[in-house]
Structure formats: structure tokens, C-alpha cells
2 protein chains.
Amino acid sequence: MEVLDQVSGKWSIGILVAAAHGPVRFTELERTVNGISRRMLTLTLRRLERDGLLVRKVYPTVPPKVEYTATSAARELFGPLTALTEWAERHRTTIAQARHVYDLENAEKGSAAG
Amino acid sequence: MEVLDQVSGKWSIGILVAAAHGPVRFTELERTVNGISRRMLTLTLRRLERDGLLVRKVYPTVPPKVEYTATSAARELFGPLTALTEWAERHRTTIAQARHVYDLENAEKGSAAG
DNA sequence: CAGGATCCCACGGGATACTG
DNA sequence: CAGTATCCCGTGGGATCCTG
């Protein structure tokens, strides 16, 4: 799905949920979205703005102040997004175990389906 | 979210929904999941199998037959996934327009906020 | 039919330095 | 404070050829 490409990407979701509860500032996001670099924050913000999921409001003060606000389209995303992350939470250990088992079985390359 | 990384990737979702309605065969997926290459089909199937979202069943016949079936964990994903794709569908044109507008505004680099 | 192996490119994304 | 610019690398993914 082409439209979901922007929701994918390592940071979009994190930024969106960070902006869920009202306007957020750049530096605020930098602290909130854990592990994100300045560069990726900027790039992802630009993409989300371009897709109409965030509105960027600049206050021409000094020092500068920029606020990002989730649009209604973005807010409609929060439901599905929450469902998805909750699923991930529920199945995290299950998936980890599945990976472990799979890796073990495929370590012994000559395994006869034992 | 680390666990969602596998759901991301260009093809995982497409493959999962293709396997939603029962077991599917390799070639069947190759036709169903539009635009996927043999290579990515194999790789993505392996990843989904490793994460316990698909079960791979081999019938030792000639010619070979391999069936992929969604696990219960994967089936629990369909709800959230559907919600997400429906959101994408609802907002597809909106997003396209937003992009268009954004691109126009940023084409005139010297624009003084019109 | 259902893959595996190899090559090769595009792009996502981190690190770092500079700016209005 | 809120960016932009540059460099550089890992990997996602397409094309093509080979195989049990």
C-alpha cells in the first residue's frame, strides 16, 4: 500500500503518537521520540507535513518557535495504530520465542525434521 | 517498535492478507501479491515464518507443493491491519491533494507565505 | 513448482559540522 | 531553537541465472 509507506519508516509512528495530545515543538520531539537524530526528525516531519498529517506552525520570534499539530486525518490514524502496537505488545514474547525456535532448527543445517 | 519491523517492509502486509482466507501456495502468492519478485517473496515468507506468523508446509510430491498458512497470531493482526488499510483508502485522495499543494507551495522557493 | 545464489543499485538513516 | 548540508554505510529490493 503506497499510502502506508509514510507510516512505515522508522520514525513516523513515534512522531505521530508524540503529537497525539496536542501541539509539540521540535526539541520536545527530539527528547520524546527516543533515539531519533536531528536529521531524521526534520525529514520525517517534512514528509508527514507534506502528506497532510501534521501542520507546521512557525512563530517568528527569537529564539524561533515551531509547533507541529496532528491533523484530523492523523488523529483518525491513532485508533488503528494503537490496535497495532497493542498487538505487537501482546505477541512480543511469542514472536521472540518463535524466532528462537526457528533459529535453532535452522542452525543444524542437516536436520532431518527431527 | 521492533516487532512491527517485519510488518513493515514492502511486502509483508500484502502476503499476510493474501494468506488470510486459508492456505496459499508459492506461485499463487506470486500472482496475488502484485509486483513482488520471486526473491522478495521467498525472503518475506521466511521472515514471516520465522516470526511465527506463517506456517510452511511442504508436500514431498513431484512437482513440489508448499502451502503457507496464517497462524493465530497473524489472524489477530488482520483486524488492526484492515483498519489501517481502510484508513489509507479513505484518505488516499486527501493525502494526494495535500502532497500536490505542498509541492506547489514549495516549488516557488522564494514564496512569501502567499 | 518452489526456491537458492549472485550482482548491483537506491535509499533510509547515523554522525558530524554549519546557520539564521 | 530549529533547522540545513555533507559524508558514508547497511540493507531492502530488483534482475538474472541456476537447481532439486
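Chain letters run A, B, ... following the sequence lines, proteins first and then strands; every chain starts at 1.
Taking atom CZ on A:R46 and atom P on C:dC11, their separation rounds to 20 Å, with Å as the unit. With rounding to whole Å, A:R56 atom CZ is found 12 Å from D:dT4 atom C1'. Atom CG of A:N106 is separated from atom C1' of C:dG3 by 15 Å (rounded to the nearest Å). Taking atom CZ of residue A:R31 and atom C1' of nucleotide D:dA2, one finds them 13 Å apart after rounding to whole Å. In this structure, A:K10 atom NZ and C:dG13 atom P are separated by 7 Å, rounded to whole Å. As rounded to whole Å, 10 Å separates atom P of C:dG4 from atom CG of B:L45. Rounded to a whole Å, the CD atom of B:E67 is 15 Å from the P atom of C:dC1. Across the protein-nucleic acid pair, A:I36 atom CD1 and D:dG3 atom C1' stand 13 Å apart, rounded to whole Å.
Recorded end-axis angle for the helix from C:dC1-D:dG20 to C:dG20-D:dC1 stands at 50°, based on five pairs per end and rounded to 10 degrees.
Salt bridge B:E67/B:R56: absent, no basic N to carboxylate O contact under 4.0 Å.
Nearest to the side-chain atoms of A:W11 among the listed nucleotides C:dG14, D:dA2, C:dG3 stands C:dG14. Checked against C:dG3, D:dT4, D:dC1, the side chain of A:T42 finds its nearest nucleotide in D:dT4.
At a threshold of 4.5 Å between non-hydrogen side-chain atoms, the residues B:D51 and A:R99 count as touching. Side-chain contact check for B:F26 versus B:L45: some heavy-atom pair is nearer than 4.5 Å. Counting only heavy atoms from C-beta outward, the side chains of B:V33 and B:W11 approach each other to under 4.5 Å.
In this structure, CG in B:L77 is found 4.0 Å from CH2 in A:W87, a value given to the nearest 0.5 Å. One finds the CG atom of B:L48 at 5.0 Å from the CG atom of B:L54 (value rounded to the nearest 0.5 Å).
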Identify all pairs in which a protein N or O lies below 3.5 Å from an N or O of nucleotides 15-20 of chain D, and state each distance.
none

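A side chain to side chain contact (heavy atoms under 4.5 Å, CB included) with A:R39 holds for exactly one of A:L41, A:L43, A:T42; it is A:L43.
A sub-4.0 Å separation between OP1 or OP2 of D:dA2 and a side-chain N or O of A:R25 is present.
Pairs engaging residues 16-33 of chain B under the side chain to side chain donor-acceptor pair (under 3.5 Å) rule: B:E30-B:R38 [sequence neighbours left out].
Using a 4.0 Å heavy-atom criterion, one finds that A:Y59 contacts no nucleic acid atom at all.
Residues A:Y102 and B:Y68 do not share a hydrophobic cluster, defined by chaining ILVMFWY side chains whose heavy atoms lie under 4.5 Å apart.
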